[in-house]
**Student:** 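Let me give you the structure first, and then I'll get to my questions.
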Amino acid sequence: MKVFRTLAIALFTLLAWSGIASSQEPVTAKWTKLTNQPTFNTDTALVLTDGTVMMHQYNSNKWWRLTPDITGSYVNGAWSALASMSSGYAPLYFASAVLADGRVLVEGGEYNNLVQDETNLGAIYDPVANAWTAVNPPSGWSTIGDSPAIVQADGTFMMGQGGQPSTKQVTFDATTLTWTAVTGSGKADGFSEEGFALLPNDSILTVDCEDGTNSETYNTSTQKWTTAGSTINVLPNSGGLGIVPEMGPLMQRPDGTVVAFGATTHTSVYTTSTGTWATGPNFPKGDDMADGPASLLPDGHVLVYTSPGVFSGTGSFYEFNGTAFSAAPSTATSATLQSWQARQLLLPSGQILWAVANGSTKDVELYSAKGTINTAWRPTITSVPSSLTRGSSYLISGTQFNGLSAGNAYGDDAQNATSYPLVRIVNTATKHVFYARTHNHSTMGIATGGTTVSTTFDVPAGAETGASAIFVVANGIPSHGVQVTIN
């Protein structure tokens, strides 16, 4: 629990990544400010399955949409208001996820209207109806707060109770909007301040915040936690009297490793194939990630935003390539903030959206990296109708539709994974870009290899007719295009 934090609260993309833009790589990585900066203070953002960005307004019940322009550019995108949650629900540091049916679930909040009450309110958003529905808390949960949460491979939303020393754990039924308590036996410590990472074998990894260097994995079938071994390096910070230590994000990379970015100056690397830990490099300049955003770039590097000390100093960006950190350029305001005062989001274009989340500064910028992808990481399309009609729904099948990673991580205070398939349609004649809303994915698992997976997509009523190419995009990496006709 971050008691002392209350004082601090007051398209340019690669062709290989986007399938739609320039054939030239940027000479160096760079940040580009959105042409249309938001008029509101930003917070956590998620990618909806129609390719738009859903952005929470800081300390409010309001949400906004960023829609890319007709060329697919998010830099030149436009903002529009979405429906608001109930007037009594203005969360800060909350759990959230895009579900397999395309809806968005928001749960809890360490603060509600800037009052630290570990609220147990929640709501689910239907993007088709543009409407929110209140969700009752799990039975017996007087608090949810900044509980860690994740969407399991089978599409079930799972949450551990944070904000207090608790090992309570629940799953959510998205059809009935009800919760079920799960056994969750064997958990070595409480969930407070911990984060989750989905592994290729569908289990869930966490680094304990109150149990030394211990880590644990959760088997979703048996509902049991077991030790995943020592992280070797001490990753949670020392905390303080009555304060649970902080922890940084866990990020899976395409090589099958999970990088645990510590709230100390240390990192550790977990190899999923062997279930073993190794020491990683220390952050440069004595930095750490006692809460802070990380996003997987399409070239396999991880972009992180760090700062020295716990909730002190000022921020720096680095790219982590699996073995070492390299400095990345700053945004217009990043050098005046701390790691926890910003959010990141991996976009369908392969760029990273970075947004200030401190309630006073407005700055949203996009990061374009200079690396290239490994073609083996691409989704592949094996089946899709060659003739598609506007306003109709179809099944598309192939491999690796969910990518090789969650794509984004922060920890217990913000969750916005992008590990689900998007469908992009590009008109052959005009090169105009349209995203088809996807839903009912056959799996939410990552790194599914050669297993055939599928999703349903709705051809936009406004899509241009004629010869087009269709792509599946997973974590900013597009498949090769398949020729279709839009009728």
Side-chain angles (χ1 to χ4, degrees), residues 13-19 25 29 47 150-151 153 195-205 217 248-261 267-278 280-281 293-304 318-326 328 344-352 367-381 398-410 416-422 441 443-451 453 471-480:
T13 57
L14 305 183
L15 177 63
W17 293 358
S18 69
E25 294 183 10
V47 173
I150 196 168
V151 176
F196 296 146
L198 183 64
L199 303 183
N201 66 359
D202 299 343
S203 63
I204 295 166
L205 175 71
T217 53
L250 306 178
M251 178 59 68
Q252 168 132 348
R253 297 183 60 250
D255 63 1
T257 60
V258 177
V259 187
F261 297 99
T267 67
S268 295
V269 180
Y270 181 78
T271 300
T272 59
S273 60
T274 61
T276 57
W277 287 94
S295 296
L296 182 68
L297 294 164
D299 63 3
H301 292 190
V302 182
L303 180 71
V304 295
Y318 301 98
E319 285 192 26
F320 180 71
N321 66 3
T323 58
F325 289 97
S326 60
Q344 289 179 186
L345 180 66
L346 173 56
L347 297 177
S349 62
Q351 297 164 300
I352 307 298
Y367 184 76
S368 301
K370 64 177 181 177
T372 57
I373 67 169
N374 184 326
T375 189
W377 302 343
R378 291 183 185 274
T380 64
I381 299 173
T399 62
Q400 296 193 158
F401 277 14
N402 295 3
L404 307 177
S405 166
N408 306 279
Y410 185 99
N416 55 356
T418 50
S419 47
Y420 40 85
L422 305 180
H441 320 310
T443 181
M444 291 291 275
I446 63 169
T448 51
T451 301
V453 296
F471 304 80
V472 169
V473 182
N475 282 335
I477 299 178
S479 68
H480 292 296

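The structure presented is a predicted model; accordingly, all values stated were derived computationally and were not measured. Below, all heavy atoms of this structure are taken into account, side chains as well, without hydrogens, waters or symmetry copies. Along the sequence shown, residues carry numbers from 1.
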**Student:** CZ of F320 to NE2 of H301: how many Å apart, nearest 0.5 Å?
**Tutor:** 10.0 Å
**Student:** Hey, are the side chains of T375 and H480 touching, using non-hydrogen atoms and a 4.5 Å cut-off?
**Tutor:** yes
**Student:** Taking all heavy atoms of N402 and all of N475, pick out the closest pair and write down the distance.
**Tutor:** O-ND2, 3.9 Å
**Student:** Is the backbone N or O of F471 less than 3.5 Å from a side-chain atom of S479, with the two atoms forming a donor-acceptor pair by type?
**Tutor:** no
**Student:** Do T272 and N201 make a side-chain contact, defined as non-hydrogen atoms from C-beta onward lying under 4.5 Å apart?
**Tutor:** no
**Student:** Should the ring pair Y420 and H441 be called parallel, tilted or perpendicular, given that the plane angle runs from 0 to 90° and is split at 30 and 60?
**Tutor:** parallel
**Student:** For E319, run the side-chain contact (heavy atoms from CB on, under 4.5 Å) check against V304, V302, L297 and tell me which one passes.
**Tutor:** L297
**Student:** First locate atom CG of L250, then atom CZ of F261, and finally report the distance between them rounded to the nearest 0.5 Å.
**Tutor:** 9.5 Å
**Student:** Between S405 and M251, is there a side-chain heavy-atom distance shorter than 4.5 Å?
**Tutor:** yes
**Student:** Regarding N321 and T323, is there a side-chain donor-to-acceptor distance under 3.5 Å anywhere?
**Tutor:** yes
**Student:** Side chains of T276 and T271 only: does a donor on one sit below 3.5 Å from an acceptor on the other?
**Tutor:** no
**Student:** How close do L296 and L346 get, heavy atom to heavy atom, and via which atoms?
**Tutor:** O-CD2, 3.3 Å
**Student:** Could you pull out the closest heavy-atom pair between P379 and I477, with the gap in Å?
**Tutor:** CD-O, 3.4 Å
**Student:** For the residue pair A474 and G403, what are the closest heavy atoms and their distance?
**Tutor:** CB-N, 3.5 Å
**Student:** Identify the two heavy atoms, one from S295 and one from N408, that lie closest to each other, and give their separation to 0.1 Å.
**Tutor:** OG-OD1, 2.9 Å
**Student:** Is there a side-chain contact between W377 and P298 in this structure, where contact means two heavy atoms from C-beta onward sitting under 4.5 Å apart?
**Tutor:** no
**Student:** Y270 vs W277 aromatic rings, parallel, tilted or perpendicular, using cut-offs 30° and 60°?
**Tutor:** tilted
**Student:** Taking the side chain as every heavy atom from C-beta outward, state whether T372 and D299 have any atom pair closer than 4.5 Å.
**Tutor:** no
**Student:** Checking side chain to side chain donor-acceptor pair (under 3.5 Å) between T399 and each of T448, T380, T451, which is the one that passes?
**Tutor:** T380
**Student:** Nearest 0.5 Å please: distance from the CD1 atom of I150 over to the CD1 atom of I204.
**Tutor:** 4.5 Å
**Student:** Please name the pair of heavy atoms, one in P293 and one in Y410, separated by the smallest distance, quoted to 0.1 Å.
**Tutor:** N-CD1, 3.6 Å
**Student:** So, taking the atom named CG in L198 and the one named CD1 in I446, what distance separates them when rounded to the nearest 0.5 Å?
**Tutor:** 5.0 Å
